[in-house]
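Report on one structure; see the data block that follows.
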2 protein chains.
Amino acid sequence: MQNKTSDIKVAVDAIVFGYSKKEGVSLLLIQRKYEPYKNSWALPGGFVLADESLETAVIRELQEETGITVNYLEQLYSFGEPDRDPRQRVISIAYFGLVKTSQFRELKASTDAENAAWFSIKKLPALAFDHKQIIRQAVERLQSKIRYQPIGFELLDKKFPFSDLEKLYAALLDKEINRRNFSKKILSFDFLEETGELSKPEGKGRPSKMYRFNQKRYKELLKEGFHFEI
Amino acid sequence: MQNKTSDIKVAVDAIVFGYSKKEGVSLLLIQRKYEPYKNSWALPGGFVLADESLETAVIRELQEETGITVNYLEQLYSFGEPDRDPRQRVISIAYFGLVKTSQFRELKASTDAENAAWFSIKKLPALAFDHKQIIRQAVERLQSKIRYQPIGFELLDKKFPFSDLEKLYAALLDKEINRRNFSKKILSFDFLEETGELSKPEGKGRPSKMYRFNQKRYKELLKEGFHFEI
DNA sequence: GCAAAAGTGTTTGCGCTACACCCATGC
DNA sequence: GCATGGGTGTAGCGCAAACACTTTTGC
């Protein structure tokens, strides 16, 4: 057996983003309980079981380690440099997930076994393995994907004031947005609907209409050849 | 050892595209010599060795099985459904490659051990494993990527008449292109340079100027914040 | 001269940008 | 009333689509 091929382990990692107006864009991390990198912060994830799909493995690990259920998940990239894990060869298929702000807050309740926490992507701790690089790639994917697919809504609550969407885009793209033009563009797409409700004013200013993303309408538009683009 | 994780094998597959005016967009396939799917056509690829990177594995397998050296390569996606290989669990990291037309023609010379051939993507044979699905995804990637990254040049010769580029885009996007507007747009990007030569007219019509893609200029433009988009 | 393919100029209209103003709320 | 943030109208500019015409070759 000259060319050993069977001792490569297969793992999955999850890069899960959340968002709040206060904290901005945040990332879900766990604190490792074992060597290597014991006590370091790292991406949630683990080895794939013999008969589960990759996606199932991610969902399972996220549930086990953080109690979180994502409402958007897609494969990001596979990382397989021979030396990325000091113990043995491990290739990791990284998945990219988004959770709504309501879930985002509820983290602590469901996690006492593992130590899991949200970190603002502007203030990340030192990270295990090549996870820093993986996260960089995930942030790039998020920033580019938000421009041509309406995944921003997966980070907001079901109902949200329009200004929340605007602030989210400003935070994600890290630049100011022209309020007038942004709302004209988004509303012209015709996949947002008013719920009829008004937001309770948070201290100051006029209350805003609440909106809801109409998934069904969006799917219809896609069939008609519509292309989302910011 | 209740949860077996160590018996998943790791493979790579290559989806390599070529292009010629006659055949259009073509795909490189090999004919399998062993079971399963013996004699079926399949993507070139194979298991990753213990100490090589994923990309190295792809390049090696392509060389061994087809004699081809790609001049563009990027990771496409990882496929890992538990039942995608009848023998045992195999996850495959698929890579997406492009070769220039000159290489594209030279295939037969370097391959007598394996049976390798180009197939027009409009007339693909039956395929082993889940390779049909992988190819579909690769074609989608090619079609979308060609619009926002100048990878089309990787499918043409170093020097090419402008109309070749136009025909390539028409073939890839499967729609007609307005000659005037296409050339205005591409030339305005300022990363094509005239070589000064003229094409030998192929029978009829006026000979055309030959162009060359200026990689260095393109990199400069990127630094200045330029964004390619068709 | 004629057909075929390359090369170029110009009008038109849509969409994005920029700017300006009005409305509803809490204090 | 005033400050704060939400909501909307519109002029102007730029760019891309659409169309038309000229040039150079082989026969």
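Atom set for the values below is all heavy atoms of this structure, side chains included, hydrogens, waters and symmetry mates excluded. From a predicted model like this one, the values you see are computed outputs, not experimental measurements. Residue numbers begin at 1 in each chain, while the letters A, B, ... track the order of the sequences.
- Consecutive Watson-Crick or G-U pairing (both distances under 3.5 Å) extending over three or more pairs maps onto DNA chain D as C:1-27 with D:1-27.
- A:Ser163 is linked by a side-chain hydrogen bond (donor to acceptor under 3.5 Å, both in side chains) to nothing, counting only residues two or more places apart in sequence or in another chain.
- Scored by the side chain to side chain contact (heavy atoms under 4.5 Å, CB included) test, A:Asn39 finds A:Gln31 as partners (sequence neighbours excluded).
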Anything under 3.5 Å between a protein N or O and an N or O of nucleotides 2-6 of chain C, put it in a table, one pair a line.
residue: C:dA6; atom: OP1; partner: B:Ser163; partner atom: OG; Å: 2.6

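- Heavy-atom contacts of chain B under 4.0 Å fall on DNA chain D between two terminal nucleotides, which in 5' to 3' order are D:dA17 to D:dG26.
- When the ring pair (Phe, Tyr, Trp, His ring centres under 6.0 Å) test is applied to B:Tyr218, the partners found at least two apart in sequence or on another chain are B:Phe191, B:Phe213.
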Side chains of residues 222-230 of chain B: which donor-acceptor partners sit under 3.5 Å, not counting sequence neighbours?
residue: B:His227; atom: NE2; partner: B:Glu229; partner atom: OE1; Å: 3.1

Can I get a per-line list of side-chain donor-acceptor pairs under 3.5 Å for residues 141-151 of chain A, giving both atom names and the distance, sequence neighbours left out?
residue: A:Arg141; atom: NH1; partner: A:Glu74; partner atom: OE2; Å: 2.6
residue: A:Arg141; atom: NH1; partner: A:Gln75; partner atom: O; Å: 3.2
residue: A:Arg141; atom: NH2; partner: A:Leu76; partner atom: O; Å: 2.7
residue: A:Gln143; atom: NE2; partner: A:Leu172; partner atom: O; Å: 2.9
residue: A:Ser144; atom: OG; partner: A:Glu140; partner atom: O; Å: 3.2
residue: A:Ser144; atom: OG; partner: A:Arg141; partner atom: O; Å: 3.3
residue: A:Lys145; atom: NZ; partner: A:Glu74; partner atom: OE1; Å: 2.7
residue: A:Lys145; atom: NZ; partner: A:Glu74; partner atom: OE2; Å: 3.4

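- Screening residues 117-131 of chain A for salt bridge (charged side-chain N to carboxylate O under 4.0 Å, His left out) gives A:Arg84-A:Asp130, A:Lys122-A:Asp174 as the qualifying pairs, with residues at least two apart or on separate chains.
- Remark: A:Phe129 engages A:Tyr37, A:His131 in a ring pair (Phe, Tyr, Trp, His ring centres under 6.0 Å) (not counting sequence neighbours).
- Annotation: salt bridge (charged side-chain N to carboxylate O under 4.0 Å, His left out) contacts involving residues 158-173 of chain A, sequence neighbours excluded, comprise A:Lys21-A:Asp164, A:Lys159-A:Glu197.
- Contacts of B:Phe160 classified as ring pair (Phe, Tyr, Trp, His ring centres under 6.0 Å), with partners at least two apart in sequence or in another chain: B:Phe153.
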